[in-house]
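Chain letters run A, B, ... following the sequence lines, proteins first and then strands; every chain starts at 1.
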Amino acid sequence: MLVATWNVNSLNARMPRVEQWLAEVGPDIVCLQETKLANDAVPVEVFADLGYEVAHHGEGQWNGVAILSRLGIDDVVDGFADGIEPDTDARLVSATCGPVRVNSVYVPNGREVGHEHYHYKLAWLKRLRAHLEATADPAANVIVAGDWNIAPDDRDVWDRAAFEGLTHVTPEERSALADVVDWGLVDTFRERYPESGLFSYYDYQAGRFHKRQGMRIDYILSTLPLAERCRLDLVDRNARKGSKPSDHAPVLARYAVD
DNA sequence: ATGGTCGCCGAGCGA
């Protein structure tokens with residue numbers, strides 16, 4: 001079972017790249033973020049022709065998340081299932097895809113430390129933990145994948161000094177992420193590759209990709225039953241190259257699961 | 001080469 005997550009930075013703008021990539025790579029499940037589409041604007045027939053069913057939770061213009069699956073899509077939940085008020089943004093969609101419960105997440109950016117949006121980010125991660133507690137079992141096959149907008153530790157940024165005072169690296173954000181992970185998730189990519197320099201996101205500006213100056217903020221977390229069966233973790237750097245790429249590369253994980 | 005980003009929409013903001 002091949003699983004991917006990819007912040008496409010507008011599915012409309014990225015559709016040619018996404019179609020080509022799906023045809024070439026053939027993942028079974030794909031979590032998408034920043035589709036920037038309303039639900040009725042999703043090209044479901046194009047995905048169907050490629051063999052995928054789609055669960056999309058969008059608002060148009062900003063945010064928007066989706067799950068593509070070749071293994072079926074059931075029990076779709078838009079946003080948080082924590083019994084509180086709906087989220088203001090479309091940042092989470094969950095579905096059961098064959099043997100696994102999948103959550104596609106687009107964690108708020110935070111903008112600036114102390115900003116209202118930064119507090120929204122921290123609160124959002126608390127709600128994600130509550131959502132997992134309400135909808136999933138850490139002893140089952142669960143994936144939580146997406147754009148986390150947090151570098152889990154200093155290996156996950158190209159230059160720690162360059163991020164001093166900025167979001168994505170603060171102890172508060174890392175602690176909020178750790179609280180989600182502590183529900184029962186494993187960062188298999190980090191377990192497999194302890195070194196720095198393996199990034200999933202590169203700013204479009206200043207030739208960051210060419211200079212390998214990026215961040216690892218996209219990752220596929222899985223519960224232990226899946227993590228134990230994980231046989232491959234990688235970033236598809238090729239998808240960050242060439243004409244009209246997203247600023248994020250797809251991240252993939254393969255599991256020995258039927 | 002003294003600049004060097006996209007995508008939203010059609011100005012300036014968000015990432």
Sequence neighbours excluded, which residues qualify as side chain to side chain donor-acceptor pair (under 3.5 Å) partners of A:Lys126?
none

Please identify each residue that fulfils side chain to side chain donor-acceptor pair (under 3.5 Å) with A:Arg237, with sequence neighbours left out.
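With sequence neighbours excluded, A:Arg237 shows a side chain to side chain donor-acceptor pair (under 3.5 Å) to A:Tyr202, given in chain and number order.
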
To the nearest 0.5 Å, what is the distance between [atom1] ([X]) and [atom2] ([Y])?
X	Y	atom1	atom2	result
A:Thr170	A:Leu122	OG1	CG	6.5 Å
A:Asp147	A:Asn109	CG	CG	8.5 Å
A:Glu172	A:Ile150	CD	CD1	11.0 Å

Relative to its sugar, using the 90° cut-off around 0, the base of B:dG10 is anti

Protein N or O to nucleotides 3-10 of chain B N or O, pairs below 3.5 Å:
| unit_1 | atom_1 | unit_2 | atom_2 | d |
| --- | --- | --- | --- | --- |
| B:dT5 | O4' | A:Tyr204 | O | 3.4 |
| B:dG7 | OP1 | A:Arg14 | NH1 | 3.2 |
| B:dG7 | OP1 | A:Arg14 | NH2 | 3.3 |
| B:dG7 | OP1 | A:Lys244 | NZ | 3.3 |
| B:dG7 | OP2 | A:Lys244 | NZ | 3.1 |
| B:dG7 | O3' | A:Ser10 | OG | 3.4 |
| B:dC8 | OP1 | A:Ser10 | OG | 2.6 |

Integer angstrom distance from the [atom1] of [N] to that of [M]:
N	M	atom1	answer
B:dC6	B:dT2	C1'	23 Å
B:dG7	B:dA11	C1'	14 Å
B:dC9	B:dG14	C1'	13 Å

Lys/Arg N to Asp/Glu carboxylate O, A:Asp203 vs A:Lys211, below 4.0 Å
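No.
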
Rounded to whole angstrom units, what separation is found between the [atom1] atom of [X] and the [atom2] atom of [N]?
X	N	atom1	atom2	value
A:His210	B:dA1	NE2	P	18 Å
A:Asp218	B:dA15	CG	P	15 Å
A:Asp89	B:dA15	CG	C1'	13 Å
A:Tyr118	B:dG14	OH	C1'	19 Å

